[in-house]
Novice: 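Following this message is one structure expressed as structure tokens.
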Amino acid sequence: MTEPLVRNHTEITLRLFREGARPQLRQKYNRMTVTVALALLAALAVLAVLMWFLSGSFSALGMEAVLYVLILGWIRIALPRTECRRAYQAMVNRCGGGTPCRELLFYEDCLLVQPEMEEAISIPYEAVTAVRETKHALTLSYTEGATVLIDKAGFLQGGVEDVRALLAGAKNA
């Protein structure tokens, strides 16, 4: 291969991993929260009708509503954090227990990801399906359902603008 146009060294800390994973997890759990909220709302409506006809105590209905809010909060806050921590720990374990590091080499037509302990992966720019940008990271999703996390502070040659230009050039070609 020729000399890369852009070079990046990404050290994937838990903080950077959370920041990069947050948009995907938020999207996943937003759908789940809406589905569960509608199911719980339907259950609450059925209970309200039963209480009405049975002349029951509506304070039990209030306690039920509080329980439902707690369940939704757990889905929205605790589950994504737990999943993120678990995924990061799995990555750390694959890297031998240390902080995972990657060399990212951007060529004219593809990105080469070189993890420390794993085989290098070549990703053509045409395969990139989504680009998400946060304060400290870029996340590239590609056709195989995987993602590549790029630390914005880790550029050794080139920068974020160059990566955007390479990706835009692949879309225009």
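Just so you know, these numbers use all the heavy atoms, side chains as well, and skip hydrogens, waters and symmetry mates. Numbering starts at 1 and runs along the sequence shown.
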Novice: Between Arg18 and Arg85, does the side chain to side chain contact (heavy atoms under 4.5 Å, CB included) criterion hold? Intermediate values first, please.
Specialist: CA-CA 8 Å; Arg18 279 185 182 148; Arg85 207 174 307 118; 3.9 Å; yes
Novice: Tell me the closest heavy-atom pair linking Pro80 and Ile75, and the distance in Å.
Specialist: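 Minimum heavy-atom contact is CD-O, 3.2 Å.
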Novice: Please report the shortest heavy-atom distance between Tyr68 and Ala43, naming the atom on each side.
Specialist: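 Shortest heavy-atom contact: OH-CB, 3.8 Å.
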Novice: Please report the shortest heavy-atom distance between Val113 and Arg102, naming the atom on each side.
Specialist: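 Closest pair (atom of Val113, atom of Arg102, distance): CG1-CD, 3.8 Å.
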Novice: Quick one: closest heavy-atom pair of Leu166 and Glu108, and the distance?
Specialist: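 Between these two residues, the closest heavy atoms are CD2-O, 4.2 Å.
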Novice: Under the ring pair (Phe, Tyr, Trp, His ring centres under 6.0 Å) test, which residues partner Tyr88, sequence neighbours left out?
Specialist: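 For Tyr88, the residues satisfying ring pair (Phe, Tyr, Trp, His ring centres under 6.0 Å) (neighbours in sequence not counted) are Phe17.
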Novice: Let me see the working for Val128 and Leu111 under side chain to side chain contact (heavy atoms under 4.5 Å, CB included), right down to the final yes or no.
Specialist: CA-CA 10 Å; Val128 175; Leu111 161 64; over 6 Å; no
Novice: State, to 0.1 Å, how close Glu11 and Leu16 come at their nearest heavy-atom pair, and which atoms those are.
Specialist: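 That closest heavy-atom pairing would be O-CD2, 3.7 Å.
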Novice: Can you list the steps and then say if Glu19 with Arg15 is a side chain to side chain contact (heavy atoms under 4.5 Å, CB included)?
Specialist: CA-CA 6 Å; Glu19 184 178 323; Arg15 183 177 179 188; 5.5 Å; no
Novice: Would you find more than 12 non-hydrogen atoms of other residues, nucleotides or ligands less than 6.0 Å from Arg164 atom CZ?
Specialist: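 Yes, the 6.0 Å shell around CZ holds more than 12 heavy atoms from other groups.
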Novice: Can any side-chain N or O of Glu64 pair as donor or acceptor with the backbone N or O of Leu44 at less than 3.5 Å?
Specialist: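 Side chain of Glu64 to backbone of Leu44: no pair is present.
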Novice: Any side-chain to backbone donor/acceptor pair from Tyr107 onto Pro4? Under 3.5 Å, distance only.
Specialist: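 No, because the side chain of Tyr107 does not come within donor-acceptor range (under 3.5 Å) of the backbone of Pro4.
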Novice: Only counting residues at least two apart or in another chain, list the ones meeting side chain to side chain contact (heavy atoms under 4.5 Å, CB included) with Glu116.
Specialist: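 Scan of Glu116 (side chain to side chain contact (heavy atoms under 4.5 Å, CB included), adjacent residues dropped) gives Cys101.
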Novice: For Thr99 and Thr13, indicate whether the former's side chain and the latter's backbone hold a donor-acceptor pair under 3.5 Å.
Specialist: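 No; zero donor-acceptor contacts below 3.5 Å.
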Novice: So, for Pro100 and Val92, which heavy atoms are closest and what is the spacing to 0.1 Å?
Specialist: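 Smallest interatomic distance, heavy atoms only, reads CD-CG2, 3.9 Å.
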Novice: For Gln89, I'd like to know if atom CD has over 12 heavy atoms of other residues, nucleotides or ligands within 6.0 Å.
Specialist: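 Yes, enclosed.
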